[in-house]
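As the structure is a prediction and not an experimental result, all values here were calculated from the model.
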Amino acid sequence: MKELRYYILGILALCLTACDKDDLLQQDSDNGEFYLRATVENQVVTRAPYTLTAPTTEQPLLATVYASTYTNAFPNLGENGQGGSEKVAIHTTANFQNSGPQLLNGPIYPKKSNGDPYDVNFVAFYPQTPWTAQADGTKTEFTFDGSQDVMFAPSIVGKYGSVYPTISFKHLLTWLRISVMAESEDVSIAWGKITNLKIKSKNRVIVDLSLTDDDVTQLVTYDNDTPMPFYATGSNNTIFPDVSGYTLPYDKFHEVAYVLCSPVVSPVIEVVDGVDTEVGEFLLYLETEKRNAVLPVYLYKDALNRFSGSTRAHRFDIKLLFHMGSSVSASGAVVDWFTGGIGYGGLDE
């Protein structure tokens with residue numbers, strides 16, 4: 001029994017050592033390599049946005065990581081902390097497959113003359129498709145097409161021998177899902193097939209890396225207005241509708257499309273005839289075989305109250321109900337991503 005007790009204690013000691021390595025500290029045996037954890041701010045359920053709060057082997061998080069010892073800048077100078085270099089300035093990639101620490105191949109923590117490690121700053125981006133950084137490393141940008149979930153993990157500091165740093169990805173876009181239905185078969189015939197559906201959106205996100213702030217609204221801007229297509233529900237990049245068009249159903253609402261677009265701050269105010277006027281947060285461009293029209297969408301957090309604040313990282317389910325004549329009503333249901341709310345709108349020929 002005594003030998004068994006010592007055996008069990010030995011196993012427990014090994015487990016605690018493993019837990020320390022996996023969950024707490026960089027160990028000397030790691031030779032100073034970079035290890036990072038990754039989390040995502042909230043869960044989503046669709047094929048296009050990243051769907052988990054932590055990566056798995058089945059759904060890894062493939063990211064771009066910038067590492068730097070420079071102050072408020074992340075240049076890509078090929079400096080990896082090796083060969084006696086006291087600097088790190090490198091852009092690399094990471095393949096996060098679980099919630100534990102993941103190795104970044106290549107760079108290591110540089111050491112001072114007394115042997116103490118330097119602090120290294122990390123930022124990260126999703127998708128892994130190359131982001132375009134300024135030469136001085138103070139800004140980077142990405143052009144998106146509406147089918148991609150775009151995320152940014154603000155700057156954190158790592159230090160060899162300390163707790164493994166965790167980068168926290170933040171969603172930068174707004175997620176809209178579209179369901180459609182005609183009031184009757186006659187209405188479906190009167191409108192004809194949907195042949196085109198787009199949204200007014202900016203398609204470029206710019207991240208300011210010279211600022212240290214956890215609030216991404218202070219770090220991120222958007223530009224380049226463009227009509228952006230919607231994508232077929234359940235697909236990663238199949239534009240809705242396809243070349244054959246989409247026949248309006250009249251039995252029930254069918255979810256048909258989604259888009260990840262640039263966020264806005266609600267309420268949106270524009271000057272109309274010299275007067276500040278609330279306008280729809282989003283503008284949809286609809287074409288069918290029989291009609292072309294524009295649909296402003298107004299966002300509400302419930303049936304009575306307007307949505308307010310940034311739509312970043314919020315999801316809104318929009319239902320388009322086609323009527324006889326030349327109108328479409330838009331409404332929605334409260335949903336999760338972060339909870340978005342309800343959208344209302346009207347469409348005239």
*Would you please indicate yes or no on a ring centroid separation below 6.0 angstrom for F74 and F122?*
no

*Can you tell me if E270 uses its side chain to pair, donor with acceptor, with the backbone of D276 under 3.5 Å?*
no

*Using a strict 4.0 Å threshold on nitrogen-to-oxygen distance, state whether D317 and R177 make a salt bridge.*
yes

*Are T39 and S168 linked by a side-chain donor-acceptor pair shorter than 3.5 Å?*
yes

_Checking side chain to side chain donor-acceptor pair (under 3.5 Å) between N203 and each of T143, N224, T226, which is the one that passes?_
N224

*Is D223 salt-bridged to R204, going by a charged N under 4.0 Å from an acidic O?*
yes

_Any donor-acceptor pair under 3.5 Å linking the side-chain atoms of T132 with those of E141?_
no

_Pairing residues for E289 by the salt bridge (Lys or Arg N to Asp or Glu O under 4.0 Å) criterion, not counting sequence neighbours_ = none

*Taking T92 for the side chain and V65 for the main chain, is one N or O donor matched with an acceptor at less than 3.5 Å?*
no

*Not counting sequence neighbours, which residues clear ring pair (Phe, Tyr, Trp, His ring centres under 6.0 Å) with F230? List them please.*
none

_Regarding D136 and T138, do their side chains bring together a donor and an acceptor under 3.5 Å, going by distance alone?_
yes

*Indicate, with yes or no, if F169 and V157 share a hydrophobic cluster defined by side-chain heavy-atom contacts under 4.5 Å among Ile, Leu, Val, Met, Phe, Trp and Tyr.*
no

_Would K319 pass as a cation-pi partner of F253, given that its NZ or CZ must be under 6.0 Å from the six-membered ring centre and within 45 degrees of the axis?_
yes

*Just by distance, do the side chain of T288 and the backbone of W191 share a donor-acceptor pair under 3.5 Å?*
yes

_Distance-only side-chain donor-acceptor flag, S329 / H323, under 3.5 Å_ = yes

*Between W175 and V259, is a side-chain contact (heavy atoms from CB on, under 4.5 Å) present by the stated rule, with each step listed?*
CA-CA 6 Å; W175 178 17; V259 70; over 6 Å; no

_Determine whether a donor-acceptor pair (N or O, by modelled atom type, separation under 3.5 Å) exists between the side chain of Y126 and the backbone of H171._
no

_Distance-only polar pair, side chains of Y164 and Q102, donor-acceptor under 3.5 Å_ = no

_With a 4.5 Å cut-off on side-chain heavy-atom distances among I, L, V, M, F, W and Y, is there a chain of contacts connecting I318 to V279?_
yes

_Tell me if the centroids of the rings in Y66 and F125 come within less than 6.0 Å of each other._
yes

*A182 and L321: which non-hydrogen atoms are nearest, and at how many Å?*
C-CD1, 4.3 Å

*Within 45° of the six-membered ring axis of Y118 and under 6.0 Å from that ring's centre, is NZ or CZ of K112 located there?*
yes

*Does H314 offer a backbone N or O that forms a donor-acceptor pair with the side chain of T174 under 3.5 Å?*
no

_What's the separation between atom CG in L260 and atom CG in L176, rounded to the nearest 0.5 Å?_
8.0 Å

*Are T93 and T64 close enough that a side-chain donor and a side-chain acceptor fall under 3.5 Å?*
no

